[in-house]
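Data block below; observations after.
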Number of protein chains: 2
Amino acid sequence: MAQLRIALAQVNPTVGDLDGNTELIIEWTRRAADRGAHLAAFPEMVLTGYPVEDLALRTSFTEASRRVLERTARRLAEEGLGELPVVVGFLDRRADGRPLNALAWLHGGQVLVRSAKHHLPNYGVFDEFRYFVRGDRLPVVRVRGVDVATVICEDLWQDGGPVAVTRAARAGLLLVVNGSPYERSKDDVRLELCARRAREAGCPLAYVNMVGGQDELVFDGDSLVVGAAGELLARAPQFADHLLVADLDLPAADPALPAGTAEVEASDGTTVTVDRRVLTAEPVPPYTPEPPEVAPLLDDSGEVYDALVLGVRDYVRKNGFRTVILGLSGGIDSALVATIAADAIGPDRVHVVLMPSRYSSDHSVTDAEELVKRQGLVARTVPIRGMVDAFEAELELTGLAAENLQARVRGMILMGLSNEHGHLVLTTGNKSELATGYSTLYGDSAGGFGPIKDLTKTLVWDLSRWRNAQAGSGRGGLFPFETEPIPVAIIEKAPSAELRPGQLDTDSLPDYAVLDALLVDYVERDLGRDALIAAGHDAELVERVIRLVDRAEYKRRQYPPGPKITPKNFGRDRRLPITSRWREPSAD
Amino acid sequence: MAQLRIALAQVNPTVGDLDGNTELIIEWTRRAADRGAHLAAFPEMVLTGYPVEDLALRTSFTEASRRVLERTARRLAEEGLGELPVVVGFLDRRADGRPLNALAWLHGGQVLVRSAKHHLPNYGVFDEFRYFVRGDRLPVVRVRGVDVATVICEDLWQDGGPVAVTRAARAGLLLVVNGSPYERSKDDVRLELCARRAREAGCPLAYVNMVGGQDELVFDGDSLVVGAAGELLARAPQFADHLLVADLDLPAADPALPAGTAEVEASDGTTVTVDRRVLTAEPVPPYTPEPPEVAPLLDDSGEVYDALVLGVRDYVRKNGFRTVILGLSGGIDSALVATIAADAIGPDRVHVVLMPSRYSSDHSVTDAEELVKRQGLVARTVPIRGMVDAFEAELELTGLAAENLQARVRGMILMGLSNEHGHLVLTTGNKSELATGYSTLYGDSAGGFGPIKDLTKTLVWDLSRWRNAQAGSGRGGLFPFETEPIPVAIIEKAPSAELRPGQLDTDSLPDYAVLDALLVDYVERDLGRDALIAAGHDAELVERVIRLVDRAEYKRRQYPPGPKITPKNFGRDRRLPITSRWREPSAD
């Protein structure tokens, strides 16, 4: 066995910011060196940020990535970090110009070896067949007498390919660089997968993941190390930048194994070239290992809440905003969005507008005012009556058209203030509303980012209660409100859009607990009508909700982005035709 | 040689409408039978419509498609059409449940043979790796003594696979079923491709394409037949339902070739199973062929214009609307959209709203009124002053925020009338505006469908002039206006948004001829900064336009859909991160 101290840099790059990401690599390599690490590793495509989408198809971008990779290697050496081997993800291309999702080993001011992702995911949020061609090499680099094999993200999730070759390559450590977005409960799946692959590879496995928000995606970090038997050795916290340092006892490399390449059948119909390099053959002299760091897992609500806070913070910051604005109605949705925003960027940068109408109840206004006071938000009131009257003087609008008018006047007020003062408009729609079309296009759906667009209403209530329970607890990652930030009256009142007298959500929709369970099965699990009924949902409700969801498809396409917390949401990972006559069969 | 009369049914199915599409197949098979055809063929996935996107992942939909396929075979027989072999595209699945983009031969009330697309396109508008798994069979069916091989769309465009096997399979005719969307000048590429593949296959090639609008796609038809040397034998008109009947002299099948399967290496690393069936061995007794039909090609402007008209007509019709509404400003963009809509659904179903502000010039109002009179549109006037005043009484908006306010008041008026009366709102933004962000989110960009969203401003003028030149010509596919539908003053005036006094587009943007050429190179060809300058564009303008286009990315995501006429447009076929720091390098 040979000792090795590895440092997994769970960092937050920004897509397209090659210079900024280079600085990130240098800074965190220095931290790794300061901790005495023998090997440092960064996430998938850390140099370019991830995912780069169509930027991968722009030659100027690919060439810049390649150039900056070489420069980063030189910079590391200039900064006195050249002796520490560093593994980074970047955007490469083949000789024929086709893009590669690649990694490189940097050492001594040089790029030592490169390889590219073998399995290209093309489901859910991933479109990698569109952008990349497949790689077919497994670099195995000897570092202080340990043979370290390196692969990229999806290579771990699919059978066959470079991971399948790791055992035959007799690697002492399998290092995986990842850009693996957060989904509810994905942390459990991820650990199990790492354990299984470690057992298959016959050696410990180190998994380094990205952290941070990128458009709708939130990368949760959760970097970890498992032993050869699959046992958890080290784990980084979720949703935070972190350097996970782990002292490992690893199988020593066989000195007789020569450097060079060998082709190995990869159990998926392809052949992988094992590319064996020797960097440093001599093991590290024996040293006393540091105690292993295993961050506790977050509870389920805390995990989702942290994902939303990080998603909002990074969307605001990475897009160059300093403040946000939203309409505060006195209802639960806008109350939760305001609270998330306050946690993300501080209450003094959260602007809220109270926009009462003739149908607003007294408690709506007072509840909203109470929330503003508790959190210290920047508030103003703009009554909408005069503007609604001006429209009604020219147009004969009734029923839904009149209700939508009120929502649109509010949307225009927020957009006007956004244009005038540079705030990012946050929308307050939740997933249950989005799914059923219970919102106004260009009204409450108008804005730049939707923090709770992937939360069912049930989850909106759960998280509001959870957030209140954290008040005064000193829990990290939240603004230190000492009292409950959300007035309990807001959580307990019956939900209403207040667009006509005495209106309640339950006038038009079933109980949210019932509705949400059905929506999860229809939207996320793609069950058809018969399967939904077989799963225990009420047949009449199934018919009705299917109609609502299918009809609302177009409206949802025009919603702003927001953090994803489920495997299948609306927008880019749910792609349905707008024009479609398909109706789930109502009887067979 | 053996004679064969084939009928290519260039029809317009609707996505999801399995019953309606079945009726379409029966009706057009009857027409083929009435014309004495020996073989009828329908487009790719005609039974389900195309593309079905995520419906392919819903088990209930796949099962319905399979069930309806069997029923269609029986229905054809019941209708006395069972003896005519019919080739149709449909959605199938493998035994493991994974979806297939498939075709079937129907005959005698039965499904004779099935196969699935081998090459799955995953670029531009296509996402087929997401939905389908690859097929690996080439059906070769003997019809009246001719061996007919059948493949699907992309199989024709890529090297290797079933088309590469056609010669070895000694087919007498290669039949290709397609769902190939329109792009400018694609018709020329398509004919060349068919000619090349016919020569490779060593036999004539029949190409049947879909026609009609489906969300942003417009299928142009252009079904055709080429001889074994690649010569054009028959061609259907574009943008119209059509039965293309062709009498062909084809190589007679070798009677010694046995039915059954054989595996053939397919020149793309895969093996294709040739699945040989004998339906009718006996050739057709000699008959006098009909003269070949070769529809003339449309001129370039006419082709684009017809695509837009069909795109609008089908979006309105297939989504269940009867009327449209749009704002008529007196400018060229709304004038052209109104005219396209009048051609698509008739002027009496086109509602226009004149919404003058304090900055509207007199000629804007009179030009708009003149257009209404010439075309017979349904018009009303709603001055926006009172509503703008009501907002300004509550909010301090200046500069761009004040300009946007006016556009948003107009958007709200149109949406209000749409909600009240059920009109589809058409937006009037063009691609040059869209690209540079020269439009107001939730203002002029609010609406359900954008007929000219893929037209540069230059093309907007070209098509307006072209359309005026058709007045009184009797050209098909257009409303028979006897005089020029667009007042020439609208075409000739300098473009202005009229959101502040004396405003002109040229205050903020360069000359459109210059701008548009640059936009095509940046947006459609994805050239980076240096490549754009090398292509002859002004360096300073390149910097400026790149900034504008990159910044407008988010706004464009919230635009409504509209017909595509270029290979790379905004929305689903241009996928850029919103959050991105990538800026084309300004010096190297």
Side-chain angles (χ1 to χ4, degrees), chain A residues 14-17 20 52-55 57-61 64 122-123 127 129-130 214-215 315 318-319 382 386-387 390-391 393-398 400-401 404-405 408 411-413 415-417 419-420 442 446 526 528-531 554 558 561 574-582 584-585, chain B residues 14-17 20 52-55 57-61 64 122-123 127 129-130 214-215 315 318-319 382 386-387 390-391 393-395 397-398 400-401 404-405 408 411-413 415-417 419-420 442 446 448 526 528-531 554 558 561 574-582 584-585:
Chain A
T14 300
V15 163
D17 189 7
V52 298
E53 307 203 33
D54 277 13
L55 291 178
L57 306 177
R58 200 173 297 173
T59 311
S60 56
F61 188 66
N122 204 73
Y123 52 82
D127 280 313
F129 263 102
R130 176 177 289 272
Q214 169 62 34
D215 294 351
Y315 197 86
K318 293 182 179 180
N319 285 297
V382 182
M387 306 169 223
F391 278 92
E394 295 284 350
L395 301 172
E396 56 303 330
L397 301 181
T398 60
L400 267 181
N404 286 336
L405 174 65
R408 290 193 182 117
M412 281 189 63
I413 291 170
M415 287 304 297
L417 292 171
N419 290 161
E420 186 71 29
Y442 316 124
D526 245 329
R529 176 191 166 278
D530 294 346
Y554 174 68
Q558 302 212 339
R574 191 168 194 260
R575 305 171 189 224
L576 285 170
I578 301 172
T579 304
S580 167
R581 294 280 169 84
W582 171 247
E584 283 294 326
Chain B
T14 299
V15 163
D17 189 6
V52 297
E53 307 202 31
D54 276 14
L55 291 177
L57 306 178
R58 199 173 299 171
T59 311
S60 56
F61 187 66
N122 204 74
Y123 52 83
D127 279 312
F129 263 104
R130 176 177 290 271
Q214 168 61 34
D215 294 350
Y315 197 87
K318 293 182 179 180
N319 285 297
V382 182
M387 305 168 222
F391 278 93
E394 294 284 350
L395 302 173
L397 301 181
T398 60
L400 268 179
N404 285 338
L405 174 65
R408 290 194 181 115
M412 282 189 62
I413 291 170
M415 287 304 298
L417 292 170
N419 289 160
E420 186 71 29
Y442 317 125
D526 245 330
R529 176 190 166 278
D530 294 346
Y554 174 67
Q558 301 212 341
R574 191 170 195 259
R575 305 173 188 221
L576 285 171
I578 300 172
T579 303
S580 166
R581 295 280 169 85
W582 171 246
E584 283 295 327

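Order of the sequence lines sets the chain letters (A, B, ...), proteins ahead of strands, with each chain counted from 1. Quick caveat: nothing in here was measured; it's all calculated off a predicted structure.
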One option among G386(A), G416(A), A64(A), A531(A) has the most heavy-atom pairs under 4.5 Å with chain B, and it is G416(A)
Under 4.5 Å to a heavy atom of chain B? For A446(A) that would be both
In short, E420(A) meets A401(B) closest at the heavy-atom pair OE1-CB, 3.3 Å
- [ ] Classify the angle between the aromatic ring planes of W582(B) and F61(A) as parallel (below 30°), tilted (30 to 60°) or perpendicular (above 60°).
- [x] perpendicular
Whatever's closer than 4.5 Å to a heavy atom in chain B on T14(A) counts as side chain
Does any non-hydrogen side-chain atom of M415(A) lie less than 4.5 Å from one of R408(B)?
yes
Turns out that what part of D215(B) lies under 4.5 Å from chain A's heavy atoms comes down to both
Applying a strict 4.5 Å limit to non-hydrogen atoms, the region of Y123(A) in contact with chain B is backbone
What one should report as the nearest heavy-atom pair of P577(B) and Q214(A) is CB-NE2, 3.5 Å
Less than 4.5 Å apart, side chain to side chain, heavy atoms only: is that true for L400(A) and N419(B)?
no
By side-chain hydrogen bond (donor to acceptor under 3.5 Å, both in side chains), R581(A) pairs with (sequence neighbours left out) none
Looking only at G528(B), A393(B), S60(B), G20(B), most heavy-atom pairs under 4.5 Å shared with chain A are made by S60(B)
Bottom line for N122(A): the part with an atom under 4.5 Å from chain B's heavy atoms is both
Is the shortest heavy-atom distance from the side chain of D127(A) to the side chain of D127(B) under 4.5 Å?
yes
Check your understanding: Within a strict 4.5 Å, meaning less than it, do heavy atoms of the I578(A) and K318(B) side chains meet?
Key -> no
Note to self: What verdict does the side-chain contact (heavy atoms from CB on, under 4.5 Å) test give for M412(A) and Y442(B), after you've listed the backbone C-alpha separation in whole Å, the side-chain angles of each residue and the deciding distance to 0.1 Å?
What the structure shows: CA-CA 8 Å; M412(A) 281 189 63; Y442(B) 317 125; over 6 Å; no
